[in-house]
Each structure stands twice: as C-alpha cells, then as structure tokens.
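The structure under discussion appears below in the form of structure tokens.
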Amino acid sequence: MTCRICTANDEEALIEQMAEAMWLTQETRDPDNEWRPWDHAGPYWQRVMLDYARASLKVIRRDFVG
C-alpha cells in the first residue's frame with residue numbers, strides 16, 4: 001500500500017479530503033444531534049476543518065517545528 005500523503009499530486013485536494021474525513025469523525029460526538037454532512041457544514045466549519053487538515057499535514061510532514 002502506498003502512502004497517500006507521499007503520493008498526492010494535488011495537495012489542496014488532499015487537504016479537502018482530509019478535512020472532510022475529519023469532519024465525518026465528529027458525527028457521533030454531537031450531543032445535540034445537530035451534525036450535518038460535509039456539504040452542509042457551512043463555510044465556518046469547512047474553513048475550520050480545512051485549516052486543521054492543513055496544519056495536520058504540516059506536522060505529519062515535519063514542516064512545522066513547535
């Protein structure tokens with residue numbers, strides 16, 4: 001199995017996929033049952049998840065040293 005991060009040709013598409021996957025992990029954690037699919041998450045939550053995915057990718061690639 002090849003590394004998806006290492007072989008990605010389109011970094012922005014990879015970040016979008018990561019953000020959506022991260023969003024999907026939150027479905028069962030919503031105590032108020034207000035969770036929505038990614039397409040209806042709204043610009044705020046999509047931006048939050050995209051920023052988080054972008055930061056996660058930097059950490060995984062060791063582009064960020066804290």
Side-chain angles (χ1 to χ4, degrees):
M1 180 178 232
T2 59
C3 174
R4 191 167 164 203
I5 293 170
C6 299
T7 59
N9 293 329
D10 184 348
E11 187 170 290
E12 285 304 311
L14 174 62
I15 290 168
E16 176 79 26
Q17 291 169 354
M18 289 174 62
E20 183 175 357
M22 290 175 184
W23 176 255
L24 292 174
T25 68
Q26 301 306 305
E27 180 176 6
T28 59
R29 295 185 181 195
D30 181 4
D32 298 324
N33 199 25
E34 294 178 1
W35 185 87
R36 293 178 179 86
W38 178 249
D39 294 344
H40 298 116
Y44 173 79
W45 285 112
Q46 287 181 356
R47 173 59 40 211
V48 167
M49 291 292 138
L50 286 166
D51 289 346
Y52 186 55
R54 194 169 281 110
S56 296
L57 189 56
K58 283 182 181 180
V59 169
I60 291 167
R61 289 182 171 163
R62 297 183 185 192
D63 292 339
F64 172 79
V65 178

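Heavy atoms only: backbone and side chains are in, while hydrogens, waters and symmetry mates are out. All residue numbers in this chain count up from 1 along the given sequence.
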Closest non-hydrogen atoms of Ala53 and Ala19, given as atom of the first, atom of the second and distance, are CB-N, 3.7 Å

Sorted by first residue and then second, give each side-chain hydrogen bond (donor to acceptor under 3.5 Å, both in side chains) pair with at least one member in residues 37-46; sequence neighbours left out.
-> Glu16-Trp38

In short, Trp23 meets Pro37 closest at the heavy-atom pair NE1-C, 3.7 Å

Distance in Å, Met22 CE paired with Thr25 OG1, rounded so as to fall on 0.5 Å steps | 8.0 Å

Ile5: partners by side chain to side chain contact (heavy atoms under 4.5 Å, CB included), with sequence neighbours left out | Cys3, Leu14, Leu57, Ile60, Arg61

Taken to the nearest 0.5 Å, the spacing of Arg4 CZ from Gln17 CD works out to 4.5 Å

Supply the atom-to-atom distance Arg54 CZ to Arg47 CZ, rounded to the nearest 0.5 angstrom.
-> 6.0 Å

